[in-house]
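My questions all concern the structure below.
Residues: numbered from 1 along the sequence shown.
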Amino acid sequence: MGKLRALTLALLFLLGGGGGAQTLLEATAVAALASSLDPAVRLPAGSYKARSPEPLLARFPEARDYALEAFVAKGLASRLHAAFVQQVLTAFTAAGYFLEGREEKVVAGEVRTKYLLKDSLGRPALLLVVRKGDELVYGFGKRK
């Protein structure tokens, strides 16, 4: 009977995603509908506001010159990485941010992408995306 209980607990742990696994960013329980830095930017369904942008800043130190807010993609959105990122970029384009450049690198199994943006007045902005496994986090920053 003890083996059955241990097997059941192990199975629940695996199906529950590991329970104690470290995530890239911790999210609040509130779904994010728009950026607080620019309310014209409508965020895709599945976006949640992150508690702190510090983990993103650790991965992109050059973003310290920007006011940065971070988001976590949850649920199905996090598993559709390419489509989700395309939705995010489309939302920024619709709000008047235009893509100036893109840099991508892989570090320790994470795909880190930096999108260089400019608003309609030519002011720089950043969109940072980190993907690892089923996790997807992104951040938006405007130059301080």
Side-chain angles (χ1 to χ4, degrees), residues 5-144:
R5 183 175 180 181
L7 181 62
T8 303
L9 287 174
L11 196 58
L12 286 173
F13 181 78
L14 290 173
L15 292 175
Q22 179 72 26
T23 59
L24 295 174
L25 285 177
E26 294 296 323
T28 62
V30 178
L33 302 175
S35 164
S36 60
L37 293 175
D38 189 337
V41 177
R42 298 285 168 219
L43 303 175
S47 295
Y48 290 82
K49 182 88 170 153
R51 294 180 197 266
S52 166
E54 286 304 315
L56 269 180
L57 289 170
R59 289 166 173 86
F60 298 95
E62 65 275 19
R64 294 214 179 268
D65 295 337
Y66 291 78
L68 189 69
E69 59 184 347
F71 305 95
V72 178
K74 294 277 191 181
L76 183 60
S78 69
R79 291 181 179 90
L80 301 172
H81 294 197
F84 188 84
V85 171
Q86 188 58 47
Q87 279 186 316
V88 172
L89 284 171
T90 300
F92 278 90
T93 302
Y97 291 89
F98 302 100
L99 185 60
E100 293 285 316
R102 175 180 178 251
E103 300 172 14
E104 185 170 282
K105 60 185 171 182
V106 178
V107 178
E110 293 179 350
V111 180
R112 300 176 184 178
T113 309
K114 177 173 60 173
Y115 297 92
L116 306 168
L117 307 169
K118 286 206 176 173
D119 68 8
S120 57
L121 298 175
R123 295 177 294 208
L126 288 177
L127 175 63
L128 308 171
V129 179
V130 178
R131 297 172 300 186
K132 184 176 183 180
D134 281 346
E135 293 184 84
L136 186 142
V137 298
Y138 65 100
F140 168 58
K142 294 171 81 173
R143 186 165 312 254
K144 293 178 184 176

| query | Counting distance only, does the side-chain N/O of His81 pair as donor-acceptor with the main-chain N or O of Gly133 below 3.5 Å? | reply | yes
| task | Kindly write out the residues that satisfy side-chain contact (heavy atoms from CB on, under 4.5 Å) with Thr90, not counting sequence neighbours, or none if the list is empty. | result | Gln86
| request: Would you check if Phe140 and Asp38 make a side-chain contact, meaning some heavy-atom pair closer than 4.5 Å? | output: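 With C-beta onward as the side chain, the pair touches.
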| query | What are the two closest heavy atoms between Arg59 and Pro55, and how far apart are they? | reply |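 Scanning both residues, the minimum pair turns out to be NH1-O, 2.9 Å.
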| query | What residue among Val88, Leu89, Leu126 forms side-chain contact (heavy atoms from CB on, under 4.5 Å) with Tyr115? | reply |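 When Val88, Leu89, Leu126 are each tested with Tyr115, the side-chain contact (heavy atoms from CB on, under 4.5 Å) holds only for Leu89.
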| query | Between CD of Glu100 and CG of Leu117, what distance do you get to the nearest 0.5 Å? | reply | 8.5 Å
| said: So which atom in Pro44 and which in Gln87 form the shortest heavy-atom distance, rounded to 0.1 Å? | reply: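 Heavy-atom minimum between the residues: CB-OE1, 3.4 Å.
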| If every non-hydrogen atom of Ala63 is compared with every non-hydrogen atom of Leu128, which pair is closest and at what distance? | CB-CD1, 3.8 Å
| Nearest 0.5 Å, what's the CD-NZ distance between Glu110 and Lys105? | 10.5 Å
| Considering all heavy atoms of both residues, which atom of Ser52 and which atom of Ala70 are nearest to each other, and what is their separation? |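 Looks like O-CB, 4.3 Å.
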| query | How would you list, by chain and number, every residue that makes a side-chain contact (heavy atoms from CB on, under 4.5 Å) with Val111, sequence neighbours excluded? | reply |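 side-chain contact (heavy atoms from CB on, under 4.5 Å) check on Val111 returns Glu104, Val106, Thr113, Arg131.
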| said: Nearest 0.5 Å, please: how far is CD in Glu69 from CG in Leu37? | reply: 4.0 Å
| message | Would you say that more than 12 heavy atoms from the other residues, nucleotides or ligands in this model lie under 6.0 Å from the NZ of Lys118, or not? | response |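 Not more than 12 within 6.0 Å, no.
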| query | If you round to the nearest 0.5 Å, how far is CG of Asp119 from CZ of Arg143? | reply |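 The CG atom of Asp119 is 12.0 Å from CZ of Arg143, to the nearest 0.5 Å.
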| query | Roughly how far, to the nearest 0.5 Å, is the NZ atom of Lys142 from the OH atom of Tyr97? | reply | 3.5 Å
| query | Between Lys144 and Tyr66, which heavy-atom pair has the shortest distance, and what is it? | reply | CE-O, 3.4 Å
| said: Determine whether Val72 and Glu135 satisfy the following criterion, side-chain contact (heavy atoms from CB on, under 4.5 Å), listing intermediate values before the conclusion. | reply: CA-CA 8 Å; Val72 178; Glu135 293 184 84; over 6 Å; no
| task | Could you point out which residue of Phe84, Phe92, Tyr48 forms a ring-ring contact (aromatic ring centres under 6.0 Å, His included) with Tyr138? | result |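 Result for ring-ring contact (aromatic ring centres under 6.0 Å, His included) with Tyr138: Phe84.
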| query | Of all heavy-atom pairs between Gly101 and Leu99, which one has the smallest distance, and what is that distance? | reply | O-CD1, 3.3 Å
